[in-house]
Amino acid sequence: MRILNIGSPVLNNKADKEVEAIINKEIDRQNENITLIASENYASPSVLSAMGSVFTNKYAEGYPKHRYYEGCEYVDEIETLAKNRLNEVFNCEYSNVQPHSGVQANTAVFLAILKPHDKILSMSLKDGGHLSHGNVMNISGRYYEIHFYNVDRETEQIDYESIRKMAKEVRPKLIIAGASSYPRIIDFKKFREIADEIGAYLMADIAHIAGLIAGEVHPTSIGLADFTTGTTHKTLRGPRGGFIVSDKKYSTLLDTGIFPGTQGGPLVHMIAAKAVAFREALEPDFKKYARNIIENSKILCDYLRNDGFKIVSGGTDNHLFLINLEPLEMTGQDASSTLASHNIVLNKNVIPFDKLNPTLTSGIRIGTAAVTTRGMGKEEMLKIGEWISFVLKNWQNKIKIAPIKEKARKLALEYPVYTY
Ligand code: DSN
């Protein structure tokens with residue numbers, strides 16, 4: 001059963017044969033590989049077509065009705081439409097659809113409410129956090145005083161009591177709830193209680209789970225977090241980009257945090273594509289897609305766990321899960337590159353209490369949003385699970401695992417994404 005009929009977008013560039021050839025190779029790659037990268041998905045032809053529209057020609061610094069350029073009447077129309085649709089998707093009062101990415105959205109919130117050296121309490125990168133939540137190399141880690149909370153060593157899940165204790169000790173101005181590799185439900189209500197106890201702001205970064213919240217299969221952060229940031233291209237299945245939603249009272253602060261705070265001219269063609277994606281997220285079918293993502297994730301995760309793999313936190317509640325490769329004495333780098341050469345594409349990932357660095361890692365992250373969009377279900381998850389297991393358990397025996405490549409390619413081609 002195909003959830004999204006992707007059809008055949010025209011992606012050719014007849015005038016530039018060199019570029020056309022490379023785009024066509026990428027279309028082939030996307031068609032021939034099983035993508036399990038938890039942050040990737042396939043945008044619909046309508047989204048792709050809006051991205052390629054004439055709005056790319058337009059400068060529009062400012063916001064609807066308050067621009068620094070003439071000729072913005074239709075830009076105003078499209079941005080207002082995108083904002084209204086996003087408000088409807090998340091049932092919120094205010095949204096900003098201009099962030100070029102999730103990192104831009106997060107940085108704009110920080111600029112809006114924090115001063116340099118203010119304290120942030122966020123999840124450690126190894127435990128599932130994101131680099132824009134305070135990594136030392138990121139602007140967040142350089143300008144603010146970061147304190148990280150960890151998952152519990154036994155359960156590998158968020159320990160709300162230890163966060164409460166830390167929050168009382170550290171007294172951060174901002175607490176961040178949200179992750180890029182956390183496989184469990186995030187209890188935004190508990191985070192709200194903790195933030196209220198110390199008078200801190202709460203920001204929810206829902207980049208990964210935006211589509212799950214929109215599809216009503218993960219509890220929402222709206223109405224609980226002061227600010228919710230996210231990306232449009234992961235489970236939400238739109239164009240690459242970011243957004244911020246919040247209560248109306250923060251609108252001026254957040255708008256200026258984006259422009260002129262951290263960005264110049266908005267990418268209006270991307271805003272048009274976001275509007276299309278938000279419309280798609282409001283379709284009844286989107287809820288079915290969201291449910292199927294989680295169903296697929298659980299099926300694949302259960303298969304691998306029952307086949308002897310060590311799963312971080314023991315399972316999954318969302319679109320992703322992580323395998324701890326320590327018992328196999330292989331690195332995440334070995335696992336991801338071996339699987340990729342057999343047409344199963346995923347990423348290496350640090351895991352809680354990882355002894356290896358982010359270029360090697362002791363884990364891999366597996367996500368099911370993209371395969372769900374392609375229409376894959378239980379039968380395909382079981383096959384993919386069997387192939388992942390076989391490849392990882394025999395990864396040094398190249399001859400033995402060689403046949404998996406053609407099997408995975410064949411399955412991927414049975415669920416084509418794009419044609420040209
Ligand atoms: N890099 C993204 C991911 O893969 O999760 C997050 O920004």
Side-chain angles (χ1 to χ4, degrees), residues 30 33-43 99-110 122-141 146 148 151 176-184 186 203-213 218 221 227-244 262-263 270 274 277 293-294 297 312-313 316-323 332-333 335-337 339-340 344-352 354 357-373:
Q30 292 193 17
N33 285 275
I34 296 168
T35 290
L36 297 171
I37 293 179
S39 46
E40 291 186 7
N41 214 324
Y42 305 105
H100 304 329
S101 70
V103 174
Q104 297 283 105
N106 289 347
T107 307
V109 172
F110 302 157
S122 63
M123 189 183 224
S124 134
L125 188 67
K126 274 189 180 172
D127 295 14
H130 188 254
L131 90 147
S132 65
H133 299 177
N135 183 277
V136 69
M137 299 297 283
N138 183 262
I139 189 168
S140 52
I146 308 294
F148 289 119
V151 292
I176 303 178
S180 63
S181 55
Y182 184 68
R184 297 300 187 165
I186 297 176
M203 182 181 102
D205 181 341
I206 62 164
H208 265 265
I209 55 173
L212 305 183
I213 292 178
H218 189 290
S221 58
F227 320 102
T228 293
T229 59
T231 53
T232 44
H233 51 275
K234 297 187 177 88
T235 51
L236 200 48
R237 203 167 58 183
R240 305 198 78 74
F243 65 82
I244 307 173
T262 49
Q263 290 187 180
M270 301 306 283
K274 287 175 186 176
I293 292 177
I294 294 184
S297 180
V312 171
S313 87
T316 179
D317 301 323
N318 62 21
H319 64 301
L320 67 84
F321 62 94
L322 296 125
I323 296 181
Q333 175 61 57
S336 64
S337 61
L339 285 164
I344 298 174
V345 180
L346 44 71
N347 66 289
K348 61 187 169 189
N349 217 101
V350 279
I351 53 170
D354 207 325
N357 64 43
T359 55
L360 284 177
T361 82
S362 303
I364 49 173
R365 185 181 65 165
I366 299 183
T368 53
V371 287
T372 304
T373 292

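For ligands, and for the atoms within them, numbers begin at 1 and follow the listed sequence. Sequential numbering from 1 along the given sequence is applied to the chain's residues.
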Exercise. Report the nearest protein non-hydrogen atom to atom 2 (C) of ligand 1: residue, atom name, distance rounded to 0.1 Å.
Key: K234 CE, 4.0 Å

Quiz item: Do D205 and H133 get their side chains close enough for a donor-acceptor pair, meaning under 3.5 Å?
Solution: yes

Exercise. Can you sort out which atoms of ligand 1 are near H208, meaning under 4.0 Å from one of its heavy atoms?
Key: 3 (C), 5 (O)

Quiz item: Ignoring hydrogens and geometry, is there a side-chain-to-backbone donor-acceptor pair from T232 to G238 under 3.5 Å?
Solution: no

Quiz prompt | Electrostatic pair D354:K126 at N-O distance under 4.0 angstrom | solution = no

Quiz prompt | Taking atom 7 (O) of ligand 1 as the reference point, the nearest protein heavy atom with its distance | solution = H130 NE2, 2.8 Å

Quiz item: For the side chain of T35 and the backbone of V345, is there at least one donor-acceptor N/O pair under 3.5 Å apart?
Solution: no

Quiz item: Is a donor on one side and an acceptor on the other found under 3.5 Å between the side chain of R365 and the backbone of L346?
Solution: no

Self-check item: Structural part of R365 in contact with ligand 1, heavy atom criterion under 4.0 angstrom
Solution: side chain

Quiz item: For ligand 1, which atoms sit closer than 4.0 Å to a heavy atom of S39?
Solution: 3 (C), 4 (O), 5 (O)

